[in-house]
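Everything below concerns the one structure shown next.
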Amino acid sequence: MTGTLTATLDPSASDEPGVTLRIANDGGEAVEILDPDVGRPPPEMGWPWSVAAYRVAVLLSFGYLALVVTDGAGDPVEPEPVQPWATPVLRPPVVLGPGDVVAVPLPLVPFFPLAAGATYRVAVDYGVAPATVHAEGAVIPPA
């Protein structure tokens with residue numbers, strides 16, 4: 001399946017500082033993309049953050065997601081060493097029909113030390129070839 005994918009970043013609607021990656025199929029044919037639901041942390045893991053943060057950690061560790069955060073001066077923010085120590089549960093691809101959109105929540109904490117009220121640029125690469133997307137945006141962590 002082929003199509004035209006576009007991606008945007010919106011500020012997170014949750015209390016967690018982050019962004020929401022919105023992937024849209026702007027083409028006339030269906031396209032398959034990587035399902036962002038790669039599982040939940042097992043209780044015995046004692047995962048201290050949200051399910052969304054767990055999914056981001058798994059996607060990052062297997063190269064399905066890349067996040068780059070830069071500060072107001074354009075310098076990269078060094079990522080925190082967060083590891084899920086888990087294998088992703090890969091579900092069948094999500095099929096986006098023409099005009100369909102999928103939203104992928106991307107909390108930035110605990111992955112980056114962000115100061116409240118500062119402005120950061122975020123760059124995201126998501127997916128598996130040939131269905132990959134890139135998006136950039138800004139985030140201001142709440143005080």
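We number each residue from 1, following the sequence as shown. The basis for the numbers below is simple: all heavy atoms, side chains too, and nothing from hydrogens, waters or symmetry mates.
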Check: Ala115 main-chain N/O paired with Tyr120 side-chain donor or acceptor under 3.5 Å: yes
Note, Val31 side chain near Leu5 side chain (heavy atom, < 4.5 Å): yes
Polar side-chain atom of Tyr126 near backbone of Ala135 as donor-acceptor pair, under 3.5 Å: no
Atom pair CG/CZ of Asp75 and Arg121 - distance to nearest 0.5 Å: 14.5 Å
Leu60 CG to Leu67 CG distance, which is reported to the nearest 0.5 Å: 5.0 Å
pair His134-Val124: side-chain heavy atoms closer than 4.5 Å: no
Side-chain heavy atoms of Val122 within contact of Val68, under 4.5 Å: no
Any donor-acceptor N/O pair, Arg55 side chain to Gly39 backbone, under 3.5 Å: yes
Contact check, side chains of Leu106 and Leu59, non-hydrogen atoms, under 4.5 Å: no
Nearest non-hydrogen partners of Asp100 and Val95, listed with the distance: OD2-O, 4.3 Å
By side-chain hydrogen bond (donor to acceptor under 3.5 Å, both in side chains) - contacts of Ser61 (at least two apart): none
Trp49 and Trp47 aromatic ring geometry - parallel, tilted or perpendicular at 30°/60° bounds: perpendicular
Side-chain touch Tyr54/Pro41, heavy atoms, less than 4.5 angstrom: yes
With sequence neighbours excluded, residues passing side-chain hydrogen bond (donor to acceptor under 3.5 Å, both in side chains) with Asp71: none
For Thr6, side-chain hydrogen bond (donor to acceptor under 3.5 Å, both in side chains) partners two or more places apart: Asp26
